[in-house]
*Asks:* 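Quick one: this structure, given as structure tokens, is what I'll be asking you about.
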2 protein chains.
Amino acid sequence: MGNADYEYPSIMNGESAGTGIHRVEIPPPQPFFKSLKNTVKETLFPDDPLRQFKNQTPLRKFILGLQYFFPIFEWGSRYNFGFFKSDLIAGITIASLAIPQGISYAKLANLPPILGLYSSFVPPLVYAIMGSSRDLAVGTVAVGSLLMASMIGNEVNATENPALYLHLAFTATFFAGLFELALGFFRLGFIVDFLSHATIVGFMGGAATVVILQQLKGILGLEHFTHATDVVSVLRSVFTQTQQWRWESAVLGFCFLFYLMMAKFFSQKRPKLFWISAMAPLTSVILGTILVYVTHAEKHGVAVIGELKKGLNPPSIMDLSFGSAYMTTAIKTGIVTGVISLAEGIAVGRSFAMFKNYHIDGNKEMIAFGMMNIVGSCTSCYLTTGPFSRSAVNFNAGCKTAVSNIVMALAVMVTLLLLTPLFHFTPLVVLSSIIISAMLGLIDYNAAIHLWHVDKFDFLVCISAYIGVVFANIEIGLVLAVGLSLLRVLLFIARPRTLVLGNIPDSMIYRNVEHYPNTNNVPGVLILDIGAPIYFANSSYLRERISRWIDEEEDKLKFSGETTLQYVILDMGAVGNIDTSGISMLEEVKKNLDRRDYKLVLANPGAEVMKKLNKSKFIETLGQEWIFLTVGEAVGACNFMLHSCKPKSTTDDASQKWSNNV
Amino acid sequence: MGNADYEYPSIMNGESAGTGIHRVEIPPPQPFFKSLKNTVKETLFPDDPLRQFKNQTPLRKFILGLQYFFPIFEWGSRYNFGFFKSDLIAGITIASLAIPQGISYAKLANLPPILGLYSSFVPPLVYAIMGSSRDLAVGTVAVGSLLMASMIGNEVNATENPALYLHLAFTATFFAGLFELALGFFRLGFIVDFLSHATIVGFMGGAATVVILQQLKGILGLEHFTHATDVVSVLRSVFTQTQQWRWESAVLGFCFLFYLMMAKFFSQKRPKLFWISAMAPLTSVILGTILVYVTHAEKHGVAVIGELKKGLNPPSIMDLSFGSAYMTTAIKTGIVTGVISLAEGIAVGRSFAMFKNYHIDGNKEMIAFGMMNIVGSCTSCYLTTGPFSRSAVNFNAGCKTAVSNIVMALAVMVTLLLLTPLFHFTPLVVLSSIIISAMLGLIDYNAAIHLWHVDKFDFLVCISAYIGVVFANIEIGLVLAVGLSLLRVLLFIARPRTLVLGNIPDSMIYRNVEHYPNTNNVPGVLILDIGAPIYFANSSYLRERISRWIDEEEDKLKFSGETTLQYVILDMGAVGNIDTSGISMLEEVKKNLDRRDYKLVLANPGAEVMKKLNKSKFIETLGQEWIFLTVGEAVGACNFMLHSCKPKSTTDDASQKWSNNV
């Protein structure tokens with residue numbers, strides 16, 4: 001279809017074109033503090049948490065407040081025996097996973113194994129009172145443990161100075177909790193959102209790879225091992241010590257790994273058999289322990305856990321070393337591990353809440369996680385969160401409320417009080433197998449393939465995180481991925497799309513001519529759609545890009561010789577905001593157009609943009625009659641005016657202005 | 001107007017609602033490398049610099065290439081005697097400003113005063129060949145000089161170790177040039193755009209304040225002075241030495257300052273008298289020198305410049321100390337001063353180009369600035385750029401081309417060869433007065449007031465830069481302002497506006513109900529406009545915000561008891577892009593709506609969004625019949641379907657999915 005087909009459809013329902021056009025209103029000025037309040041509210045309180053407190057008696061407000069901070073008061077009153085039966089089964093199931101996993105991850109963090117059990121006792125109780133998820137199972141996580149080992153391990157050697165290392169771990173846990181609490185309290189939870197799905201897939205996969213590589217120490221029964229986590233150092237460490245490899249350990253390790261993988265395979269085939277996979281770690285530990293006890297393999301190169309102290313968590317509040325020289329390390333470790341474990345815990349909580357159709361308040365969850373870690377750091381626990389694997393088992397076992405966490409805590413308590421001696425002969429290699437089997441599930445190559453298909457940039461972010469973690473270290477991987485993700489957001493703003501719009505035949509609709517090739521040009525009118533807010537970061541770009549579009553349109557018209565350009569319409573529908581640099585840009589574009597005797601027309605500016613344009617007097621300069629509600633109406637008015645009146649260029653008072661600045 | 005007035009206008013030109021609706025097309029898949037090429041081109045070559053090389057003979061291409069890198073070959077052929085007359089006057093005028101300013105700024109940078117003259121000789125010649133601005137006058141700048149003094153001064157004391165300090169200054173200039181050249185060559189000029197107008201106003205004002213405070217040393221004739229630049233240190237330094245204040249120096253200083261300010265005042269009143277202001281610094285220097293020579297005031301506490309070496313720039317290429325221990329300082333200083341001076345130079349060039357309606361290529365300018373500083377660093381010059389004051393004088397004096405820079409360079413050459421002994425008795429206090437008078441023009445409080453009126457956030461950025469520079473140091477001020485500016489961009493993405501749309505009476509137009517209070521609700525349909533791309537950074541927020549809008553709508557409908565909610569339409573017109581986190585968010589919103597028996601409908605998704613939604617199979621899940629080209633058509637279809645067929649909720653296969661991850 002050529003330009004000759006162009007026909008301007010009337011929308012005015014029989015009215016004349018002059019009077020039926022809709023005015024773009026300038027919003028009434030708001031008092032500064034009111035608009036500030038609105039902005040702060042939308043930014044920090046998008047979920048309007050105080051809504052339910054409106055129009056209530058003071059007593060009711062107090063109860064609602066109590067229920068807000070301690071959700072147990074909310075669901076506790078509705079608790080019944082049916083729920084308890086389900087929670088009991090779920091709690092025992094997750095305890096059977098929690099005990100071996102806890103010990104394994106504590107070893108991964110270079111901490112005494114007993115800390116893994118301690119950490120499955122106190123924090124779940126705190127979460128049960130304060131947490132709002134019904135499905136989250138609390139415990140330590142592999143990535144957090146590894147991060148702690150690598151960050152604190154950079155400063156203090158865990159084998160040479162175990163007491164200092166332990167104190168730093170408690171202090172870091174305390175700061176992680178404090179940071180989480182502060183994020184939640186100041187409603188800054190959106191910081192966690194800056195870890196995108198792609199970042200987390202790549203980061204988790206990389207961390208899992210690193211954790212698996214670390215397990216080579218346990219599987220091969222090596223005594224000396226590198227402290228670095230990158231793949232090159234680890235493989236060099238492994239292959240320079242081929243003499244020290246212990247086959248007994250390796251055989252045992254691979255047998256248990258095979259068993260665990262088979263259990264997982266069956267559970268995946270038949271979801272009802274989830275308990276096979278859930279129980280497998282505990283049965284591995286029991287089998288491995290019996291095997292070592294019977295064969296005395298601990299004397300043949302199979303390392304065992306050894307003595308585990310009986311009794312409940314000792315207090316550790318006096319071990320928090322606030323004045324030490326390693327304070328910065330503790331704070332840094334706390335912040336990094338705190339954010340990472342928050343990201344995991346909140347994502348897990350949200351996912352399950354979505355499945356069961358209930359709501360989770362991210363900021364409230366952060367407060368719960370924060371309190372859990374602060375209390376934990378005072379009771380000999382290290383970093384805990386809501387691990388994905390344990391929560392999924394909890395969900396599949398049919399948990400109803402956070403009581404399953406209480407059941408798990410009680411089961412761990414019984415273990416601590418009575419059963420710790422049984423773990424004396426548990427071979428470390430079984431723990432390594434448990435970790436490897438859990439970590440293999442975190443390397444989500446299908447997700448990476450999906451990212452490649454849907455969004456190449458997300459794939460780049462993901463693979464950068466993976467490569468950064470595996471070949472450099474965990475922090476570099478994270479910084480790389482977050483940096484790339486932010487770069488993308490900034491590039492979206494710095495290089496907004498500008499599209500030429502054309503008329504969709506027989507309608508008032510104007511759309512991108514590349515996306516809809518059957519659109520018609522409007523003779524003498526260039527319509528540009530600006531795809532992002534106009535900020536300092538893109539105002540120079542937009543100025544140049546708009547002028548290039550005009551040049552190209554002029555060339556095209558000159559070539560075809562049909563008409564000359566008269567109007568440039570900017571569709572501001574997607575321009576959510578504008579700053580002073582953006583307004584200067586518009587002023588320059590207008591001056592530039594005036595000089596060429598073209599007229600600038602704006603279509604569909606939003607409330608915020610109108611307010612700013614009004615305050616800066618740009619509307620006066622442009623003339624409010626040149627601002628239209630839709631592109632269609634703007635084109636209609638241009639067609640009406642075309643050839644009947646021509647805009648005049650304004651005179652420059654340049655020398656006046658510049659001489660002020662000499 | 002109530003809901004009862006709602007009337008659905010037909011757009012179908014007599015056709016039935018089912019067939020006349022426009023389809024949203026899925027763009028055909030593009031090969032990966034083609035789309036990558038397009039993205040890179042739009043990001044790095046928005047001005048399409050190779051356009052003019054298309055369809056040309058090889059010889060013509062060579063000439064065009066030569067003209068591209070050396071614009072003098074382009075305008076040189078059109079040069080005539082009329083231009084030369086104008087350029088000669090302008091060149092002599094700016095030389096009269098350049099000589100005293102050059103000496104003053106070199107003192108500010110703690111460098112030998114002669115360097116200021118050297119720097120007004122070689123760099124203008126380089127720029128005349130390579131630069132594309134016709135109005136820019138090249139020279140040193142106060143802020144760059146001060147930055148250099150403070151950054152290098154942190155490491156090396158200029159009075160104790162002048163040779164090392166000088167070598168570092170040359171090396172820093174070299175790196176500034178190299179960095180500018182690299183930015184231009186790799187077309188990364190947009191980095192400069194991240195210094196917003198508000199940042200520059202605040203930063204320049206702060207830097208000017210700091211520079212003025214530094215001049216108290218010269219005005220009061222103090223010998224010992226703090227090396228810090230913050231206001232507290234400087235004032236403490238001044239007021240602890242009240243005993244050392246020299247009244248002779250102060251009186252002389254204030255007299256000349258008064259003279260300079262009066263000259264400026266007259267020039268501002270009558271733009272034609274610009275030369276009074278332009279000549280004032282040189283006349284001050286001449287008067288001051290004569291005064292000191294006659295009264296022998298140099299023996300009564302008025303410090304003078306002293307011996308200035310005669311002769312042209314000595315080579316300094318051997319002084320570039322690449323191997324030294326202060327290499328990092330030199331590189332850091334080079335990058336910071338390079339970016340700051342680029343920002344000033346390019347802004348100045350662009351402003352004047354806009355006034356005279358010609359085009360400046362930012363990246364080409366960067367290459368010119370870079371070469372100018374690299375050549376400068378090898379010929380005893382330090383950091384140069386296009387200073388605002390000198391360029392404005394050049395413009396007002398009627399320059400036509402860069403030949404005015406050549407004239408200035410020749411005038412400075414004559415001074416260097418013959419006239420340097422005349423500056424022996426020039427009092428330093430006159431130089432301080434010249435600096436103060438120039439700096440007062442940079443404190444642009446009117447611009448700050450304008451920012452406050454138009455955009456409160458820009459004002460915050462501006463004032464943060466000012467306070468940071470004045471109370472802490474220049475770098476902190478800069479980091480603060482850039483950080484805040486970026487935070488705003490990120491917040492725009494992290495907290496996009498979501499607006500409820502209503503129907504504008506008697507039209508197919510749907511707009512924000514708050515902005516247009518006379519809009520009508522569509523019964524049973526909630527229309528939300530999403531105001532930003534859907535990225536990882538806002539997907540959680542949008543999920544919660546959309547669900548809150550739905551809850552509120554439900555409450556409202558329950559209260560009024562009229563109808564129930566059936567459709568949620570998302571207007572995607574402003575959603576320029578979506579990533580995989582965003583798609584997951586849409587999937588979750590859809591599941592959530594399915595569960596409540598509402599139907600999700602999309603209106604007006606762009607090409608990029610359609611492509612991603614198609615690749616991720618979301619279009620299949622949603623059904624392509626639920627994607628419409630406009631909100632109007634979507635509402636039409638909803639009204640058509642309303643009550644006639646209800647969407648069914650899909651079953652969850654949750655347990656299947658989760659057990660995979662245990």
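So you know, we letter chains A, B, ... as the sequences are listed, proteins then strands, and number each from 1.
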*Asks:* Just so I understand: if I count every heavy-atom pair under 4.5 Å between each of Arg270(A), Lys612(A), Arg548(A) and chain B, which residue has the most?
*Replies:*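 Looking at each option in turn, the highest pair count goes to Arg548(A).
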*Asks:* More than 12 heavy atoms of other residues, nucleotides or ligands under 6.0 Å from CD of Glu514(A): yes or no?
*Replies:*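 No, not enclosed.
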*Asks:* For a quick test of reading the model, state the closest non-hydrogen atom pair linking Ala574(A) to Gly573(B) and the distance between them.
*Replies:*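 Shortest heavy-atom separation between Ala574(A) and Gly573(B) comes out as CB-O, 4.4 Å.
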*Asks:* Look up atom CG in Leu486(A) and atom OH in Tyr535(B), then write down how far apart they are to the nearest 0.5 Å.
*Replies:*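 Leu486(A) atom CG to Tyr535(B) atom OH measures 12.0 Å (nearest 0.5 Å).
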*Asks:* If I measure from the heavy atoms of chain A, does Leu613(B) come under 4.5 Å with its side chain, its backbone, both, or neither?
*Replies:*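 Looking at Leu613(B), nothing touches chain A.
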*Asks:* So which atom in Lys615(B) and which in His453(A) form the shortest heavy-atom distance, rounded to 0.1 Å?
*Replies:*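 In this case the closest contact between Lys615(B) and His453(A) is CD-O, 2.8 Å.
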*Asks:* Mind ranking Thr39(A), Leu490(A), Leu442(A) by heavy-atom pairs under 4.5 Å with chain B and telling me who comes out on top?
*Replies:*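 It is Leu490(A).
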*Asks:* Roughly how far, to the nearest 0.5 Å, is the CG atom of Leu36(B) from the CZ atom of Phe457(A)?
*Replies:*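 Taking CZ in Phe457(A) and CG in Leu36(B), the distance rounds to 11.0 Å.
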*Asks:* Please check if the side chain of Arg511(B) supplies one atom and the backbone of Leu629(A) the other of a donor-acceptor pair under 3.5 Å.
*Replies:*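 Pair found, side chain donor or acceptor close to backbone of Leu629(A).
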*Asks:* Identify which of His197(B), Lys456(B), Arg543(B) forms the greatest number of heavy-atom pairs closer than 4.5 Å to chain A.
*Replies:*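 Counting heavy-atom pairs under 4.5 Å, the top option is Lys456(B).
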*Asks:* Can you name the closest pair of heavy atoms from Ile360(A) and Glu544(B) and give their distance?
*Replies:*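 Minimum heavy-atom contact is O-OE2, 3.9 Å.
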*Asks:* For each of Ser616(B), Pro533(B), Ser547(B), tally heavy-atom pairs with chain A at distances under 4.5 Å, and name the one with the top tally.
*Replies:*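 The answer is Pro533(B).
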*Asks:* Measure the CG-CZ distance between Asn577(A) and Arg497(B) for me, rounded to the nearest 0.5 Å.
*Replies:*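 That separation rounds to 9.0 Å.
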*Asks:* Look up atom OG in Ser507(B) and atom CE in Met508(A), then write down how far apart they are to the nearest 0.5 Å.
*Replies:*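 It comes to 10.0 Å.
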*Asks:* We want to know whether Ser540(A) and Arg350(B) form a side-chain donor-acceptor pair, criterion being a heavy-atom distance below 3.5 angstrom.
*Replies:*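 Distance-only check passes for Ser540(A) and Arg350(B).
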*Asks:* Less than 4.5 Å apart, any side-chain heavy atom of Arg488(A) and any of Asp579(B)?
*Replies:*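 Yes; the side chains approach each other to less than 4.5 Å.
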*Asks:* If I measure from the heavy atoms of chain B, does Asp555(A) come under 4.5 Å with its side chain, its backbone, both, or neither?
*Replies:*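 The side chain, not the backbone.
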*Asks:* Taking side chain as everything from C-beta outward and backbone as N, CA, C, O, which of these in Ala494(B) sits under 4.5 Å from a heavy atom of chain A? Side chain, backbone, both or neither.
*Replies:*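 Contact with chain A is through the side chain of Ala494(B) alone.
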*Asks:* Would you give the length of the straight line joining atom OG of Ser581(A) to atom CD1 of Ile200(B), rounded to the nearest 0.5 angstrom?
*Replies:*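 The CD1 atom of Ile200(B) is 8.0 Å from OG of Ser581(A), to the nearest 0.5 Å.
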*Asks:* So do the side chains of Phe492(A) and Val489(B) get within less than 4.5 Å of each other, counting heavy atoms only?
*Replies:*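 Not touching, per the 4.5 Å side-chain cut-off.
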*Asks:* Between the side chains of Thr580(B) and Asp455(A), does any donor sit under 3.5 Å from an acceptor?
*Replies:*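 Their side chains do not contain a donor-acceptor pair, so the 3.5 Å distance test is not met.
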*Asks:* Output the option from Ala537(A), Ser539(A), Pro496(A) having the highest count of non-hydrogen pairs under 4.5 Å with chain B.
*Replies:*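 Answer, by heavy-atom pair count under 4.5 Å with chain B: Ala537(A).
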*Asks:* List the atom of Ser485(B), the atom of Phe536(A), and the distance in Å for their closest heavy-atom pair.
*Replies:*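 Minimum heavy-atom contact is CB-CZ, 3.2 Å.
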*Asks:* Which atoms of Leu499(A) come close to chain B, meaning under 4.5 Å heavy atom to heavy atom: side chain ones, backbone ones, both, or neither?
*Replies:*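 No part of it gets close to chain B.
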*Asks:* Tell me, for Ile583(A) versus chain B, whether the close heavy atoms (under 4.5 Å) come from the side chain, the backbone, both or neither.
*Replies:*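 Interface part for Ile583(A): side chain.
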